[in-house]
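Working notes, beginning with the structure itself.
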Amino acid sequence: MKAALKALLEQVVINLKKDGVLADDVNPKIVIEHTRDPSHGDFASNLAMMLAKAAGQKPRDLAEKIVAALPENNDIDKVDIAGPGFINFFMNANTLTSVIPAILDAGEVYGHSTIGNGKRVQVEFVSANPTGPLHVGHGRGAAYGAAVADLLAAAGFQVHREYYVNDAGRQMDILCASVWVRYLSLCGALPDLDYLPANGYKGDYVWDVAAHLHRNNGDKFQKQWSDISQELPADEPDGGDKEKFIDAVINMAKEQLGAEDYRFIFDTGLNYILDDIRDDLAHFGVVYEEWFSERSLTDNGLVKDAVERLQKTGHVDEREGALWFKSTDFGDEKDRVLVRANGQSTYFASDIAYHMNKLERGYDQVIDVWGADHHGYVPRVRAAMEAVGDDPSKLHVLLVQFAILYRGKEKMQMSTRSGEFVTLRQLRKEVGSDAARFFYVMRKCEQHLDFDLDLAKSKSNENPMYYIQYAHARVCSVLRQLDEKGFTHDQEAGFESLDKLSEPHEQALMTTLSKFAELVEKAALNHEPHQLAHYLRDLANDFHTYYNAHQFIVDDEVIRNARLCLIKATKQVLQNGLGLLGVSAPDEM
RNA sequence: GCCCCCGUAGCUCAGUAGGAUAGAGCGCACCCCUCCUAAGGGUGAAGUCACACGUUCGAAUCGUGUCGGGGGCACCA
């Protein structure tokens, strides 16, 4: 509808140019918006105010000329000029009610659009190191990334969801060493059964991996700890060089086990945890097209290629034995190391290779959903892309702020040690997947999120997710009642009598429904699922208000058919909207 | 020190590609079921949109600066 009005006004501008009211070189951006106040009609345009200066006329005088030049249109009831020069459009009743058949005919795909034009978008999100289970911070990235991806898909983009698996690097070696030490403990080969290097991974899941390893392989990987420990430097948990110690343990493990067995334990830990993450995310309604291995970048020589490609640009030099990318040439605050003096490439080098690879795969847009703590990382990745001549505008980095858990007023401690729940799995178990998905996307991503567990579990209208689901369940309940009372709903007949929907509550509900498709587009393009969350809350509110004011199952067949069309359309939009956020729409509660 | 985010009702937050009297939930004061789920609805009180200057016919929204709150700075990943 907006588009149609826009087209009309574009025609007006052409006509006014012909009449000499406007100069030929004036090309205004035509804006049509929904009015906030019904007395201002259904839509409004500020065109007259925008053009007043160029035309050398008072806004209201110009508005008169615009209205006079407006082509005939059957959908428009009345056009008013108001305030400083707004042009208000009052649409006729059919325009509003037409949304109902539009929704019911399209069904599950109502709200989908083609604005994305089939462009290929890659969305990379979560990508947590597979060194332990996902925690509640990752949960926000998961819910947010999944919602953005689903919104983009609904808006007509071709979406590729990807998880970057950091299956190489020191953190994974530390995990491997931790698993091995726990394993030795299970073999009874450690003097102190609870012994672990100060910098090792302490979570219980490490025991699980070790037990898994022991169950399937017996004592195969057992070595004499007394021999090993003699050659290790001192571990210094209290501020000493525990880094050095864990590195020594890693090297010792490699030496004692041999490359093959070391890799086996390494991969056992990796796969065990990755399976756990996959399972966790699947239960959270988050699925990927691809799990991209960091190790594959090195194995396929892509990291080497990336460094060489950068070197050819002349923005790399060697200092103190290391290879540096001169990212300061592109506005970064300092240069960054690509290859360390010890010959190992940095995580940054892998990441450059990964991003080059993404673009080589031909995506029109690459979206990275990162934790806010990575923000310092953005300029250097952009710099690398610029250096090699890739288009940095294709890269969108969405930084997700931290979520803080509250139980009522009480802020929860988020330490792994304390045993207070920190994993996504525990959160899902406590509040359910639906509430978790919804609460995570209620705020825009750059906003700190206070996640109130008590609220997420409460069954009242304080809890927006419950309130929205309840609206859906209520419609279902009405439809069940209809059946029990022996009525049927003739939808086609209802379509013929939509003009009976003249109550203010019905008008308000239809107006809200008519904004859905546009809202999905906007939420998708701006990467703002929270807009959808708020919209659904408003829609549910309109419905509950209507429900309280009017009966749907009435004796008058004509009205009954029309009203049931309206609430069925409401149900459909609630279901579609919740679906985009990964939240279920239950039939009863 | 440099960089990023935030500052709107007592509380938690919408609204920011500039538009008409700034919205919602909670909380507070009242009111509404012989009726499809009261897990609901309605009415009311409540604001110098942190502050200042600037751009504009018009600023919560854009720009600059100040003040407050949070986060980030590695040859870690």
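Lettering follows sequence order; numbering is per chain, from 1.
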Rounded P spacing from B:G65 to B:G25 in Å: 39 Å
Taking only the C1' atom of each, what is the distance from B:C31 to B:G69 in whole angstrom? 41 Å
For atom CE of A:Met442 and atom P of B:G15, their distance in whole Å: 13 Å
If a protein heavy atom is under 4.0 Å from the base, mark B; if only from the sugar-phosphate, S; if neither, -; do that for nucleotides 54-62 of chain B going 5' to 3'. --SB-----
If you restrict it to nitrogen or oxygen atoms, what contacts under 3.5 Å exist between nucleotides 24-33 of chain B and the protein, and what is each distance?
from	atom 1	to	atom 2	distance (Å)
B:C26	OP1	A:Asn461	OD1	3.0

Mind calculating the distance between CD (A:Glu588) and P (B:A39) to the nearest angstrom? 15 Å
Need one value for A:His550: base, sugar-phosphate or nothing, where a base atom within 4.0 Å counts as base even if backbone is also close, heavy atoms only. base
Which label fits B:C57, syn or anti, where anti is any glycosidic angle not within 90° of 0? anti
Checking A:Phe90 now: which residues fulfil ring-ring contact (aromatic ring centres under 6.0 Å, His included) with it, not counting sequence neighbours? none
Return the set of residues passing side-chain hydrogen bond (donor to acceptor under 3.5 Å, both in side chains) with A:Tyr535 (not counting sequence neighbours), or none when no residue passes. none
Nucleotide paired to B:C28 in any strand shown, Watson-Crick or G-U, under 3.5 Å: B:G44
Can you confirm if the NZ or CZ of A:Arg474 lies within 45° of the ring axis of A:Phe543 and under 6.0 Å from the centre of its six-membered ring? no
Quick one: label A:Ala473 by what it contacts on the DNA or RNA (base, sugar-phosphate, nothing), any heavy atom closer than 4.0 Å. base
Work out how far the C1' atom of B:A52 is from that of B:C67, and round it to whole angstrom. 11 Å
What string of B, S and - do you get for nucleotides 68-73 of chain B, 5' to 3', when a contact is any protein heavy atom under 4.0 Å? --SBS-
A:Gln531 CD to B:C13 P, straight-line distance once rounded to whole Å: 18 Å
Looking at RNA chain B, which of residues 338-346 of chain A put a heavy atom within less than 4.0 Å of it? A:Arg340, A:Ala341
Side chain of A:Asn88: nearest nucleotide among B:A20, B:G40, B:A14? B:A20
Taking only residues at least two apart or on different chains, which pairs with a member in residues 320-344 of chain A satisfy ring-ring contact (aromatic ring centres under 6.0 Å, His included)? A:His315-A:Phe330
With RNA chain B as reference, determine whether A:Glu320 or A:Gln551 sits nearer its 5' end, using the nearest nucleotide of each. A:Gln551
Does A:Phe86 lie flat on the base of B:A20, that is, centres under 5.5 Å apart and planes under 30° off? yes
Derivation and outcome, side-chain hydrogen bond (donor to acceptor under 3.5 Å, both in side chains), residues A:Gln469 and A:Asp434: CA-CA 10 Å; A:Gln469 288 186 324; A:Asp434 281 347; 3.1 Å; yes
Which word best sums up how the rings of A:Phe292 and A:Tyr354 line up, parallel for under 30°, tilted for 30 to 60°, or perpendicular for over 60°? tilted
B:A20 to B:A38 separation - C1' atoms, rounded to the nearest Å: 38 Å
Distance check, rounded to the nearest 0.5 Å: A:Gln507 atom CD versus A:Leu501 atom CG? 8.0 Å
Tell me every residue that passes side-chain hydrogen bond (donor to acceptor under 3.5 Å, both in side chains) with A:Arg537, counting only those two or more places apart in sequence or in another chain. none
Nearest 0.5 angstrom please: A:His472 NE2 to A:Leu539 CG, how far? 11.0 Å
Given RNA chain B, 5'-ward residue of the pair A:His40 and A:Phe552, judged by closest heavy atom: A:His40
Return the value, rounded to whole Å, for the distance between atom CG of A:Asp335 and atom P of B:C75. 11 Å
So, using salt bridge (Lys or Arg N to Asp or Glu O under 4.0 Å) as the criterion, who are the partners of A:Asp317 when residues are at least two apart? A:Arg319
Can you check the distance between B:C13 and B:A50, where both ends of the measurement are the P atom (answer in whole Å)? 15 Å
Answer with base, sugar-phosphate or nothing: what part of the nucleic acid does A:Ser477 contact at a heavy-atom distance below 4.0 Å? base
Would you mind classifying the nucleic acid contact of A:Phe348 as base, sugar-phosphate or nothing, using non-hydrogen atoms under 4.0 angstrom? nothing
Say we look at B:C49 and B:U61: how far apart would their P atoms be, to the nearest angstrom? 10 Å
Reckon A:Ala349 touches a base, only the sugar-phosphate, or nothing at all at heavy-atom distances under 4.0 Å? nothing
Searching all strands shown, indicate the nucleotide that pairs with B:A50 (Watson-Crick or G-U wobble; both distances under 3.5 Å). B:U66
When rounded to whole Å, the NE2 to C1' distance for the pair A:His135 and B:A77 reads 13 Å
When you get a sec, tell me which of B:U12, B:G41, B:C75 is the closest nucleotide to the side chain of A:Arg443? B:U12
In terms of ring plane angle, is the pair A:Tyr546 and A:Phe552 parallel, tilted or perpendicular, where the classes change at 30° and 60°? tilted
Intermediate values then yes/no, salt bridge (Lys or Arg N to Asp or Glu O under 4.0 Å), A:Asp247 and A:Arg170: CA-CA 9 Å; A:Asp247 282 341; A:Arg170 214 170 85 89; 2.5 Å; yes
Sort and list the pairs that fulfil salt bridge (Lys or Arg N to Asp or Glu O under 4.0 Å) and have at least one residue in residues 507-518 of chain A, not counting sequence neighbours. A:Lys2-A:Glu518
Side chains of A:Tyr406 and A:Asp454: do they bring a donor and an acceptor to under 3.5 Å? no
In the strands shown, is B:C13 matched to any nucleotide by a Watson-Crick or G-U wobble pair with both distances under 3.5 Å, and which? B:G23
Pairing residues for A:Lys334 by the salt bridge (Lys or Arg N to Asp or Glu O under 4.0 Å) criterion, not counting sequence neighbours: none
Which whole number of Å gives the distance between the C1' atom of B:U48 and that of B:A22? 13 Å
Sort out the partner of B:C36 for me: Watson-Crick or G-U wobble, both distances under 3.5 Å, none otherwise. none
Rounded to whole Å, how long is the line connecting atom OH of A:Tyr377 with atom C1' of B:C4? 17 Å
In this structure, how many angstroms lie between the P atom of B:A17 and the CD atom of A:Glu521, rounded? 16 Å
Between A:His374 and A:Asp368, do the side chains contain an N or O donor and an N or O acceptor separated by less than 3.5 Å? no
B:C5 and B:A14: how far apart are their P atoms, nearest whole angstrom? 15 Å
Return the pairing partner of B:C75 with a 3.5 Å limit on both distances, Watson-Crick or G-U wobble; otherwise return none. none
Taking side-chain hydrogen bond (donor to acceptor under 3.5 Å, both in side chains) as the definition, give me every residue that meets it alongside A:Ser345, ordered by chain and number, with sequence neighbours left out. none
Specify the separation, in whole Å, of atom OH of A:Tyr406 and atom P of B:C11. 14 Å
